[in-house]
Every structure is written in C-alpha cells, then in structure tokens.
Protein chains: 2
Amino acid sequence: MVSPRRIGSPDAKNRAVLIDAAERLMLEHGYAAVTSRRVAEKAELKPQLVHYYFRGMDELFMAMFRRRAEAGLEVQARALKSPQPLWALWRFGTDPADAALWSEFIALANHRKALRAEIAYYAERYREEQTKAVASVLERAGIGPAELPPVVAMVLMTSVSRVLVLEDALGMSAGHAETFELVERYLRRLEGEPA
Amino acid sequence: MVSPRRIGSPDAKNRAVLIDAAERLMLEHGYAAVTSRRVAEKAELKPQLVHYYFRGMDELFMAMFRRRAEAGLEVQARALKSPQPLWALWRFGTDPADAALWSEFIALANHRKALRAEIAYYAERYREEQTKAVASVLERAGIGPAELPPVVAMVLMTSVSRVLVLEDALGMSAGHAETFELVERYLRRLEGEPA
DNA sequence: GTCTATAATCAGATAGAC
DNA sequence: GTCTATCTGATTATAGAC
C-alpha cells in the first residue's frame, strides 16, 4: 500500500487554519521557514497535526498555492469585467504581497515537479483570460494583432509589473518612475484616464 | 566581543571549493538544500569547515552572490563593448542557469536584509552600465529620450527576458513565440540583423 | 593558520491512543 | 474521524586539538 496512514478531511476547520498559518509564515520568513513545527505553533496546534492533514510538506505547499490561485482567478475575473480592464490588471499586477508570495513559490517550484506543473497550469489560465479580455480593448483602440498581438501585450505587462514590484521590494528605483510614466501614458492612450 | 571565533582567510583554496559546491547545490536543489553538511559533502570536506570559513550560512550565501555578481559584471562589460550591445544583452538575459540562480537569490533576499542590499547594489550597477551603452544605440537609431528613455529600454528588456526564461523553466509557452518575434523585430530595427 | 569532536537544537514522519 | 507520544535523523554552531 502506498499510503496506509489516515488523513484528515479536506474541509476540516483545522486544515484551513494550518494553511492560513503556513501562508503567513511564508510571507514573513520565506518558504524555508515553513516547517511542520513552526506552522503548528503559529496555528496554535500540535506539530503532528500537520502530518495528519497533509501527507508531507509538499502537499501543504500545494494546498497553499491552489487556494491562492483559485481566489486570484476570481479577483482577476472581476477586474477584467471592469470598464478599464488594462488599468485594473496593471494595479492588480503591482500588488507587493502577491509578488512576494509569487517569488517564494517560483523558487520552491524550481525543484518540485508537481508544484511546477500546478503553477504553469494556473499561470496559463490567468494569461488566457487576460488575453481574451484585452483583445477587444486593443481592437477598439485601433491596434491590430499584426502590430501588437493581445497575448504579447499581456506578456509585456505581466513582465514589467512583476519586475518593478520585485525590484522595489529590493530597494531599487533606477528607471522605475520613467517606466511607470511610459506604461501609464500607453494605458491612457488605450483606455483613457483611470477612474 | 562579537565574534571571538577564528575564521579562515578569504583566499584559502578550500573556501573557494566550498563556494563552488554551494553554488552547484543551489542550482540543482534550491537554496534550502544549501546546508553546511551537504555543501561539505559535495566539496568532499568536513561539515565543520563551513563554519570555519564562514560565520554562518548567511555569510556563505553572501560570498556566493558576490562572486557571481562580479563575474557577471565583467561578462556584461564585454557584451556592451560589442558592435551590437542590445543583441548581446538580449542573449545574456535569456540564459536559463543565470535565471534559476537569480530566482533563488531573490527568494532568499526577501528575508535577509544584508543580501537584499547587496543584490540591489549590483543590480543598479548592471543597469547603470547598460543604460550608458544603450543610450548611444538609441540615439543613432533616431529614438530620442522623450520617446524612449534608455533606462526604460533596459527595464523593459530585463523584465521581458527574465519573465520569459522563468516561465519557460516552468513549462509555459503561451505568448512566448509572439513576444520573441516582436522583441527581435524591434532589435533588428535598432541594430540590424544579429551577427 | 587549518581542521575536528561534540554539544544543543530542530526536522519530518508514524504508530497508536482517544 | 481527530489528535498525541515518540522515534530517527539532520542542522547549526562552538570549544578546543593539531
């Protein structure tokens, strides 16, 4: 038998409490600080409970990521329905807390196949929905797919916002103000002044 | 006294051997795998030697980063002297091994002040030298700083290359080919066909 | 100046009690 | 179905030997 040990039900209250604790720990001290003992301490539960609700630490990381990713998809869906989806995405992409968690998960995923696949899966879904919504904005602004394919617009915007936030967290600033200005000038051209 | 313990000299042979081992370990299994024992094992030395040459693991990480960063500055300086600095930077920025180490250091730096400052310091130096070199390329191509400030060109190029490489490592591909095409079309306009 | 023996702590995991 | 007592091994760090 592969897994003779029993496991707690997916919607037990303490399971969610543990994920909450793990998330805060990861944000405050990085993924390496997410150990069964520390998670339990933060959740005010016994360390062994982590192993009751999750087969191992990897499964906990996976649960953390999936919960965040699903919530994010809903937030993005609302943003894309707004009258100014590009402005909404731009603000969405420059949120510092999200960026910090993102870089932790990326580093973790570098060496964990299952998590890597999960991140790729969700990231493609985010991009797919962005692309669909943005296509019509570009069309309305008279920018054809030959000049700028919608998916490229999303790759560029994602890249720039992510790197700016990340560098900002590092304490860097060279070129940031000028880049913000250029991006926002372009957004104004496409969607007008932000609401 | 803050540090009564003795420490190995900075250019002892085994010190470099330990940094080599740590770097390979970080690349292969992530920063969390860089423990004194594993580093020593890979270097074929005793674990306690790590603590002889470095005050703690943080100092080892710092030494790793600094050595890489200095070497990278020299590589970049050569790239910037080439007849096509933008093409050279573009290739430079899309190297997968560099990208993997970069994301490990970023995640580490999220929670270590000294490393964070060191990364910011070097990153600003990289950008500064890029900006100086690229300014004349843009000028020659008739693109004034009002249209595209050189530093913004570098922020954009860095961002896009980094995210593309990172997503590629994740197994993502949506929008990549199209983005590559657009970037390289632009580079051709500025510097002509790559050598 | 270089390295080792050893301490003190913390990690993940599981069998078994309620 | 929920939780605990406990094992086994890894990790950092230091005092002291060569």
Side-chain angles (χ1 to χ4, degrees), chain A residues 1-22 24-26 28-64 104 107-108 111-115, chain B residues 1-26 28-64 104 107-108 111-112 114-115:
Chain A
M1 236 196 285
V2 178
S3 163
R5 215 155 95 264
R6 289 164 294 174
I7 212 88
S9 94
D11 38 44
K13 182 190 148 213
N14 279 346
R15 207 187 110 105
V17 172
L18 287 169
I19 297 179
D20 289 342
R24 269 179 297 150
L25 218 39
M26 187 153 158
E28 288 162 20
H29 301 107
Y31 76 75
V34 182
T35 67
S36 52
R37 295 169 110 93
R38 278 202 252 222
V39 169
E41 191 189 17
K42 199 143 208 151
E44 297 180 281
L45 292 168
K46 293 282 161 73
Q48 304 93 316
L49 276 181
V50 175
H51 296 283
Y52 169 59
Y53 285 107
F54 307 96
R55 246 178 222 86
M57 298 315 279
D58 283 15
E59 199 172 296
L60 170 56
F61 284 122
M62 202 72 146
M64 284 168 68
E104 294 291 339
L108 244 178
H111 310 283
R112 301 183 190 219
K113 209 174 139 189
L115 183 58
Chain B
M1 238 196 280
V2 179
S3 164
R5 215 156 94 265
R6 288 164 295 173
I7 211 88
S9 94
D11 37 44
K13 185 191 143 210
N14 279 345
R15 206 187 110 105
V17 172
L18 287 168
I19 297 179
D20 289 341
E23 200 168 283
R24 270 180 297 150
L25 218 39
M26 188 152 157
E28 288 163 19
H29 301 106
Y31 77 75
V34 182
T35 67
S36 51
R37 294 170 106 93
R38 276 202 254 224
V39 169
E41 190 188 18
K42 201 145 206 146
E44 297 181 279
L45 292 168
K46 293 283 164 69
Q48 303 94 317
L49 277 180
V50 175
H51 296 282
Y52 169 58
Y53 286 107
F54 306 95
R55 246 180 222 86
M57 299 313 281
D58 284 14
E59 199 172 295
L60 169 57
F61 283 123
M62 202 71 147
M64 286 169 66
E104 294 290 339
L108 245 178
H111 311 282
R112 299 179 195 225
L115 183 59

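No experiment lies behind these values; they were computed from the predicted model shown. Reminder, nothing fancy here: chain letters follow the sequence lines and each chain counts from 1.
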Enquirer: For the pair B:F61 and B:Y31, name the ring-plane relationship: parallel under 30°, tilted 30 to 60°, perpendicular over 60°.
Expert: perpendicular

Enquirer: Between the protein and nucleotides 9-12 of chain D, list every N/O to N/O distance that falls short of 3.5 Å.
Expert:
unit_1, atom_1, unit_2, atom_2, d
D:dT12, OP1, B:S36, N, 3.4
D:dT12, OP2, B:S36, N, 2.9
D:dT12, OP2, B:S36, OG, 2.3

Enquirer: Could you give the CD-to-C1' distance, from A:E44 to D:dC3, as a whole number of Å?
Expert: 17 Å

Enquirer: Is the phosphate of C:dC3 approached by B:Y52 (side-chain N or O, under 4.0 Å from OP1 or OP2)?
Expert: no

Enquirer: For B:N14 and C:dC3, is the shortest distance between a side-chain N/O and OP1 or OP2 below 4.0 Å?
Expert: yes

Enquirer: Please table the atom pairs, donor to acceptor, closer than 3.5 Å between any side-chain atom in residues 39-46 of chain B and protein atoms at least two apart or in another chain.
Expert:
unit_1, atom_1, unit_2, atom_2, d
B:K42, NZ, B:E28, OE1, 2.7

Enquirer: Please round to the nearest 0.5 Å and tell me the distance separating atom CG of A:L108 and atom CE of A:M57.
Expert: 10.5 Å

Enquirer: Indicate, yes or no, whether a donor-acceptor pair under 3.5 Å links the base of C:dA5 to the side chain of B:Q48.
Expert: yes

Enquirer: Roughly how far, to the nearest 0.5 Å, is CG of A:L49 from CZ of A:R15?
Expert: 13.0 Å

Enquirer: Could you tell me the separation between the CZ atom of A:F54 and the C1' atom of D:dT2, rounded to a whole number of Å?
Expert: 14 Å

Enquirer: What is the distance from atom CE of B:M64 to atom CG of B:D20, rounded to the nearest 0.5 Å?
Expert: 10.0 Å

Enquirer: Can you tell me the distance, in whole Å, between the CG atom of A:L18 and the P atom of D:dT2?
Expert: 13 Å

Enquirer: Taking atom P of C:dA11 as reference, at what distance in whole Å does atom CG of A:D58 sit?
Expert: 16 Å

Enquirer: Within this structure, what is the CG-to-C1' distance between A:L49 and C:dA17, rounded to whole angstrom?
Expert: 14 Å

Enquirer: How far does OH of B:Y52 sit from CG of B:L18, to the nearest 0.5 angstrom?
Expert: 11.5 Å

Enquirer: Counting just side-chain N and O atoms, does B:Y53 come under 4.0 Å of either OP1 or OP2 of C:dC3?
Expert: yes

Enquirer: Within less than 4.0 Å of OP1 or OP2 of C:dT4, is there a side-chain N or O belonging to B:K46?
Expert: yes

